[in-house]
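Values in this document were obtained by computation on a predicted structure and should not be read as measured data. The chains referred to below are lettered A, B, ... by the order of the sequence lines, with proteins before strands, and numbering in each begins at 1.
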Number of protein chains: 2
Amino acid sequence: MPTATAAQRRKEAREAYDAFLAECPTRQLLETLSDKWMGLVLASLGEGPMRHSELARRIAGVSQKMLTQTLRTLERDGLVTRTVTPTVPVRVDYALTPLGHDLAPVMIAIKTWAEAHMDEVRSARESYDETRPSG
Amino acid sequence: MPTATAAQRRKEAREAYDAFLAECPTRQLLETLSDKWMGLVLASLGEGPMRHSELARRIAGVSQKMLTQTLRTLERDGLVTRTVTPTVPVRVDYALTPLGHDLAPVMIAIKTWAEAHMDEVRSARESYDETRPSG
DNA sequence: CTGCATCCTGACCGATACTG
DNA sequence: CAGTATCGGTCAGGATGCAG
């Protein structure tokens, strides 16, 4: 079809997606991105490539299992590359792909927002809890 | 201490918060914001105030329970206002607070990103799954 | 229409042990 | 060091029924 360029088709596809619809695949992607550790992992890797153990140290409280699971999902979704160096012991490096680099700033923005507005949220909570101490 | 203005103290507090630390309250706030329906609710209300039933319709697949729960959290955190009009039947309107208006664009950005890059993620998944069909 | 309480299932996630 | 597998407790969250 000579009139439909790749760019045009991409644009159409983009407009067809709507995360407000339950059946839309973007809904599932949005939920994946909203997973507990996604933001922190992406924010970490946004600072540069890291080894598995470095990530575990950077992101306090994440279990080895959850970290691996999160990284696997990110790898499958094309946001992160996994590079194994077959030394003894093995060394595994993770880095953002171009797609991952595109997303990372957005995830970092949420983290930054949370850190910047924590005080306001806190006082809002205090007001709310005072208003209804018992229900 | 006369040299520490309110603005300065606020700045210091902001710098002291770090979501990478497990004990930091922002970690919990980040998890709250990452909850399943937060993004979609904030994105909806970013378009303007809405009634409970309107939100339920806009956000396909959300249960009444989860919607109420999400809205309560948002209200408590000072991101959303809840206005009850004591008609029969009751009418309840939700709207973003200034703080909510500050956050909404960031949440919308994630939703938009997901919709814009769904195709790339999809093909990344296909490649990944082809590479390891049985593990 | 909006919201609360209850029940109940399944998924998430941490702990642990084992492989390369 | 990095990853997989298994077990088990916890809890998110859907369904339902009732209230204002």
Side-chain angles (χ1 to χ4, degrees), chain A residues 22-23 27-41 44-45 49-76 80-95 128-129 131-135, chain B residues 22-23 27-41 44-45 49-76 80-95 128-129 131-135:
Chain A
E23 330 72 39
R27 169 71 69 89
Q28 192 274 320
L29 177 56
L30 197 58
E31 285 174 20
T32 300
L33 295 180
S34 302
D35 260 12
K36 197 176 182 185
W37 303 106
M38 286 291 170
L40 291 173
V41 169
S44 296
L45 290 177
M50 281 194 190
R51 303 182 57 173
H52 181 103
S53 51
E54 288 174 324
L55 281 167
R57 235 173 294 119
R58 183 100 177 85
I59 306 172
V62 67
S63 68
Q64 186 271 327
K65 177 183 174 179
M66 282 300 99
L67 183 54
T68 298
Q69 196 175 100
T70 304
L71 287 165
R72 278 289 175 288
T73 303
L74 289 171
E75 188 193 357
R76 187 169 107 96
V80 157
T81 58
R82 177 171 177 270
T83 310
V84 181
T85 310
T87 51
V88 180
V90 136
R91 173 194 174 104
V92 182
D93 286 281
Y94 293 93
Y128 185 93
D129 293 346
T131 312
R132 21 208 130 188
S134 56
Chain B
E23 331 72 39
R27 169 70 69 88
Q28 193 274 320
L29 176 56
L30 196 59
E31 283 174 21
T32 300
L33 295 180
S34 302
D35 260 12
K36 197 174 179 183
W37 302 106
M38 285 292 168
L40 291 172
V41 169
S44 296
L45 291 177
M50 282 194 188
R51 304 182 54 175
H52 181 103
S53 51
E54 289 173 323
L55 280 169
R57 236 174 293 117
R58 184 99 177 86
I59 306 172
V62 68
S63 69
Q64 183 270 323
K65 177 184 175 179
M66 282 300 99
L67 183 54
T68 298
Q69 196 175 99
T70 303
L71 287 165
R72 277 289 175 290
T73 303
L74 289 171
E75 189 194 357
R76 187 169 108 96
V80 156
T81 58
R82 176 170 177 270
T83 311
V84 180
T85 310
T87 52
V88 179
V90 134
R91 173 195 174 103
V92 183
D93 286 281
Y94 293 93
Y128 185 92
D129 293 346
T131 310
R132 24 210 126 190
S134 55

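- For D/dA2, one of the phosphate oxygens OP1 or OP2 lies less than 4.0 angstrom from a side-chain nitrogen or oxygen of A/Ser53.
- To the nearest angstrom, C1' of D/dC11 lies 14 Å from NZ of B/Lys36.
- Of the candidates C/dC1, C/dC13, C/dG3, C/dG3 carries the atom nearest the B/His52 side chain, counting heavy atoms from C-beta on.
- Residue-to-nucleotide proximity on DNA chain C shows that, of B/Arg57 and A/Lys65, the 5′-proximal contact is made by B/Arg57.
- To the nearest angstrom, P of C/dC13 lies 15 Å from CD of A/Gln64.
- Contact annotation: A/Tyr94 reaches the phosphate of D/dG3 (side-chain N/O to OP1 or OP2, under 4.0 Å).
- B/Glu54 places a side-chain N or O within 3.5 Å of a backbone atom of B/Arg51 that can act as its donor or acceptor partner.
- Atoms CE (A/Met38) and P (C/dC13) sit 10 Å apart, rounded to a whole Å.
- One N or O on the side chain of A/Arg27 and one on the backbone of B/Ala60 form a donor-acceptor pair closer than 3.5 Å.
- Panel note: side chain A/Thr85, backbone A/Thr87; no donor-acceptor pair is recorded below 3.5 Å.
- Phosphate contact (OP1/OP2 of C/dC13, side-chain N/O of A/Ser63, threshold under 4.0 Å): absent.
- As rounded to whole Å, 12 Å separates atom P of D/dT4 from atom CG of A/Leu67.
- In this structure, B/Met66 places its CE atom 18 Å from P of C/dT2, rounding to the nearest Å.
- Of the candidates D/dA2, D/dG14, C/dC13, D/dA2 carries the atom nearest the A/Arg82 side chain, counting heavy atoms from C-beta on.
- Each of A/Arg82, A/Arg76, A/His52 was compared with A/Leu71 under the side chain to side chain contact (heavy atoms under 4.5 Å, CB included) criterion, and only A/His52 meets it.
- Of all heavy-atom pairs between B/Leu55 and B/Ser44, the closest is CD2-CB, 3.6 Å.
- In this structure, A/Gly61 and B/Val92 both approach DNA chain C, and ranking their closest nucleotides by distance from the 5' end singles out B/Val92.
- The nucleotide whose nearest atom lies closest to any side-chain atom of B/Val90 is, among D/dG20, D/dG3, C/dG3, D/dG20.
- Of the inter-residue distances, the one linking A/Tyr94 atom OH with A/Thr70 atom OG1 reads 10.5 Å to the nearest 0.5 angstrom.
- The phosphate of C/dT2 has OP1 or OP2 within less than 4.0 Å of a side-chain N or O from B/Arg51.
- B/Gln69 comes within contact range of no nucleotide atom at all, as no heavy-atom separation falls under 4.0 Å.
- In the helix from C/dC1-D/dG20 to C/dG20-D/dC1, the end axes, each obtained as the rotation axis mapping the C1' atoms of four pairs onto the next four within a five-pair block, lie 40° apart to the nearest 10 degrees.
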